[in-house]
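Working notes, structure below.
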Amino acid sequence: MENNGKIKYSIITALYYAAGLAGALGLFGLWIGLAEYESLCEMVCVVSLFAGIILFAAKLTLRYKGAGKGMPVATITDLLPFEIAFGLAFGGFMGTLALMAFVYNFAGDGFYAIPVCGGAGVLFFLDMVTGSLAARAGEKRLADSLLIVWLFKKLIKLAEAFFTKFPMFSGLEKICSGLMIIQVIALFAVAANTSNGFLELALILFLLTVAIDAFVLLAFFQMKDVKKNLKAAALGKYEDMCEIKHALPQIKDYMTAIDDIEVGQRNAAERLLKSERMKTELITNVSHDLRTPLTSIVNYVDLLDREKLDNEKAAEYIEVLKRQSAKLKKLTDDLIEVSKATSGNIEMKLEDCDVSVLIGQAEGEFSDKLKARDLKLEISGTEEPVNVTADGRYLWRVFDNLLSNITKYAMPGSRVYIDVVKKDEHTSVIFKNISEEKLNITADELMERFVRGDSSRSTEGSGLGLSIADSLMKMMKGSLEITVDGDLFKAECRF
Amino acid sequence: MYNVLICDDDKDIRNALEIYLSGQDYRIFKAENGEGAIKILKENEIHLVLLDIMMPGMDGRVCLTKIREFSNVPVIFLTAMNEETDIIMGLGLGADDYITKPFNALELTARVASHIRRYDRLGGMNKQEEQDVLRVAGLEMNDAAKIVMLDGNAVNLTKTEYEILKLLMSHPGQVYSPEQIYENIWNEECLGGESTVAVHIRHLREKIEYDPGKPRYLKVVWGHGYKIEN
C-alpha cells in the first residue's frame, strides 16, 4: 500500500512538473511573440493550467491522506513553522519582483532568466509548503506548525513553573509577584511609547519600580527561609535551620526572635531535667528512709520471737507485731512502686515481648493459688506467639496485680478467663472473673488509689494494685480498662 | 574463727546483724561509715564484709571500689533498693552478693556462711572438683554426685527439677524460653507444655530460694523465659 502510494505520488508529481514546464514554455512562447504558434501556445497554457490545478489538488490530497504513512515527506518545509515558511516565500517573491524591476531598468532581455528562475524557485518552495500543510493537516498537527502556538505553549509552561516551583510563596505572594511583573511590563510599554519629553520620567519610574519590586521579591524569598526556620524551631531541630545571607533588617529581627525561642526551649528542657533528677533523688531517699526503720522493726520482732518468752500474752503480741510489720513492708513496697510509676521514674526497656509466653509463665505462678480457691483458669489465644512492644518485667507486674486481685476477690468454684485477642490496630489481654462479693463501686472508683473492692478492708492488700497496673500500662503506651457489669469483673490490657 | 565486718550507718541494724551472727562463731567488727570500714579492713584480717549501699559521706559503692583496690575479701551488699539496675551495678563493681532490706535472718546467716566457706576453700580446692561443679554465688551443683547445695545446705530436688536447674546453671545469665526448656528436658516437641515448665520452675524456686517472691538465683524474664542470675 505504501509503495503504491509512493509510486502514485511520484507519477503525479512528475506529471505536475511536466504540466508546469509546458505551461512555462507556452508562456515563454507567447511572450516571445511567435505569431504562428500563438494559438498553440495559448492552448498549451490553458491545458497545462487546468492539468496543473487538477494535479496539484491530487498531490495535496495524496499527501493529506498519506500523512503519517510514510508518504514522501521530510522536505525542509516540514520542519519550518508556517509563519517562517510563508515569510520566506513572501520575501522570495518580493525579491523576484525587485530583480525583475532591476533587470527591466538596467539589464538586457537575456537577464530576465534570472528573476524567472528565482520566481520558479519561489513557486517550487510554495509548492512544498502547501504539501507540508496538507500533510500536517492530515496528521492533525496543524497547530504544531505555527510559531505563535509554540510561543504560547512555552509561556504557559513558564507560568506553570512559576506557580509550582515556588510552593513556599503563599497565594498572596504569588498574586503580588504576578502583578509586579505586569506592572513592569506595562511601564516598559508606556516608556517605550511616550514621546521624548516624558521619556526620562517614564524611565525613572520604570527603574524605581524595578528596584522596589526587587526588594519585595527578595523579602518574599527570605520569608520563605524564615518560615522554614520557624518550622525547624518548633520541632526543636535547630540543626535544620539555615542562615539567611544579606538579610533585610526586618528579616534579621525575625531570626533574632527565633534564636530567643531556641534559648527559651533549651532552658525549659534543662529545668525539666533538673526536676526529674530531683524526683528520682526524692524517691530514692524516701525508699531508703522508710526501709531502714522497717528493717529494724522486722529484725527485732524476729529476735523477740526467738527469745522463747514464757509469757503467753507476750507471744500473742509478738504475733501481732509480726503480721503488722509484714503488712507495713508490703505497703511500703507498693507505695514506692506507685510513686516510681506515676512520676515516670521507671526506666522501661520497651522491646518485643511474647504475651503467650508471659501468660504461660503467669499460669505457672498462680496455678496453686487459684486451685486453693477452686478457681479454674480458661486461657485462649496463646497457641501462637503474640508479640507486643513492652517491658516484660512491668507487664508481668500488671498481670501479677490483676491475677492477685482475681485470687482474692473471685467467687470460689467459678471460672477465670484470660483471652489474648490480636487485631490489626491493637492487641488485648482480657481478664474476666465473677466477683464473690457484690461490687458496689464503679470501675473508675476501683482504679483510684487505696480503694479496694472489699469495703470492709478485711483482706490483705494495699489498694494500690490497680492504680500501679494502670500507671504501668500507660508508661508502656498501652491502656488498662476496667468494666464492672453486675458480678462480672473485666480488666482489659490493651496495646 | 572467722572475722566479719559489718558496715551500716544505722546503729540498730548493726546491732541486729551482730546478734544474728554472734551465734555462729564469728568475731564481729563494726563500722558506721566507709572510712571506718576501710580502716578496720587494713588493720585486721577480715573474711567477709556486710556493706550498706546507702550511707552518708562515702557511699557503699565508692567504698567497695576502694576496698577492691587492695583486697579480694567477699563483700555482700545490704540494699534497700531492689531495682535490678542498682543490683547489677553493685555486682559489677565487685560485690559478691546482695541482700535486700528488710532481710530474712536465716537467709542472711546462710549466705554469710556460704561465702566465707567458698573464700576459704578457693585456695584449697583442686582443679578436678572445680570442673564438675556448677556454681553461682551460694548455689552449688555437683553433677558427678548429683547433689545441689544452697549455702552449704543440701536441697532436695526431683529429677525434672534437677535437670531444669542444670540446664539453666550451665549458662548463667542466659535466658531459656519455656519451649526450649521443655524440648531439652522431655526431648519432644513442646505443644502446650509451657505451663508444665512454669509449674516446675515455681516448685524449683520455692526450694532453692529463701524468698521465692524475691528470687536471688532463679529469675523469670517475663515474656521470654527463665534464667539463673549470676
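A quick note: this is a predicted structure, and the numbers were derived from the prediction, not measured.
- Using non-hydrogen atoms only and a strict 4.5 Å limit, the part of residues 51-59 of chain B facing chain A consists of B:D52, B:M54.
- Sequence neighbours left out, the pairs with a member in residues 185-207 of chain B that pass ring pair (Phe, Tyr, Trp, His ring centres under 6.0 Å) are B:Y182-B:W186, B:W186-B:H200.
- Within 6.0 Å of NZ in A:K329 there are more than 12 heavy atoms belonging to other residues, nucleotides or ligands.
- Shown here are the side-chain contact (heavy atoms from CB on, under 4.5 Å) partners of B:N104, two or more places apart in sequence or in another chain: B:L106, B:E107.
- In terms of heavy-atom pairs under 4.5 Å with chain B, the best-connected choice from A:D368, A:L294, A:I336, A:V298 is A:D368.
- At a 4.5 Å heavy-atom cutoff, the contact between B:F103 and chain A is made by backbone and side-chain atoms alike.
- Environment of NZ in B:K146: crowded, with over 12 heavy atoms of neighbouring residues, nucleotides or ligands closer than 6.0 Å.
- The contact between B:V221 and chain A is made entirely by backbone atoms, counting heavy-atom distances below 4.5 Å.
- Taking the six-membered ring for Trp and the full ring otherwise, the centers of A:F489 and A:F431 sit at least 6.0 Å from each other.
- For the set A:E363, A:H288, A:E365, the count of heavy-atom pairs under 4.5 angstrom toward chain B peaks at A:E365.
- Contact tally against chain B (heavy-atom pairs below 4.5 Å) for A:P293, A:C353, A:G364: the top residue is A:G364.
- Remark: B:K159 is not positioned above the aromatic ring of B:Y162, lacking an NZ or CZ atom under 6.0 angstrom from the ring centre and at most 45 degrees off the axis.
- Interface check for chain A: of the options B:V199, B:L78, B:D12, the most heavy-atom pairs under 4.5 Å are formed by B:D12.
- By the 4.5 Å heavy-atom criterion applied to side chains, B:V75 and B:R68 are counted as neighbours.
- Annotation: salt bridge (Lys or Arg N to Asp or Glu O under 4.0 Å) contacts involving residues 377-386 of chain A, sequence neighbours excluded, comprise A:K376-A:E378.
- Among the candidates A:N285, A:D302, A:I359, the residue making the largest number of heavy-atom pairs closer than 4.5 Å to chain B is A:D302.
- The number of heavy atoms from other shown groups lying within 6.0 Å of NE2 (B:H171) does not exceed 12.
- Shown here is A:D310, whose CG atom has no more than 12 heavy atoms of other residues, nucleotides or ligands within 6.0 Å.
- Heavy atoms of A:D352 lying under 4.5 Å from chain B belong exclusively to its backbone.
- If you measure heavy-atom distances from B:I19 to chain A, the contacts under 4.5 Å come from the side chain alone.
- Heavy atoms of A:R397 lying under 4.5 Å from chain B are absent altogether.
- Here the rule is ring pair (Phe, Tyr, Trp, His ring centres under 6.0 Å) with B:W222, and of A:W396, A:F399, A:Y394 only A:W396 fits it.
- The most heavy-atom pairs under 4.5 Å with chain A, out of B:P102, B:G225, B:A16, come from B:P102.
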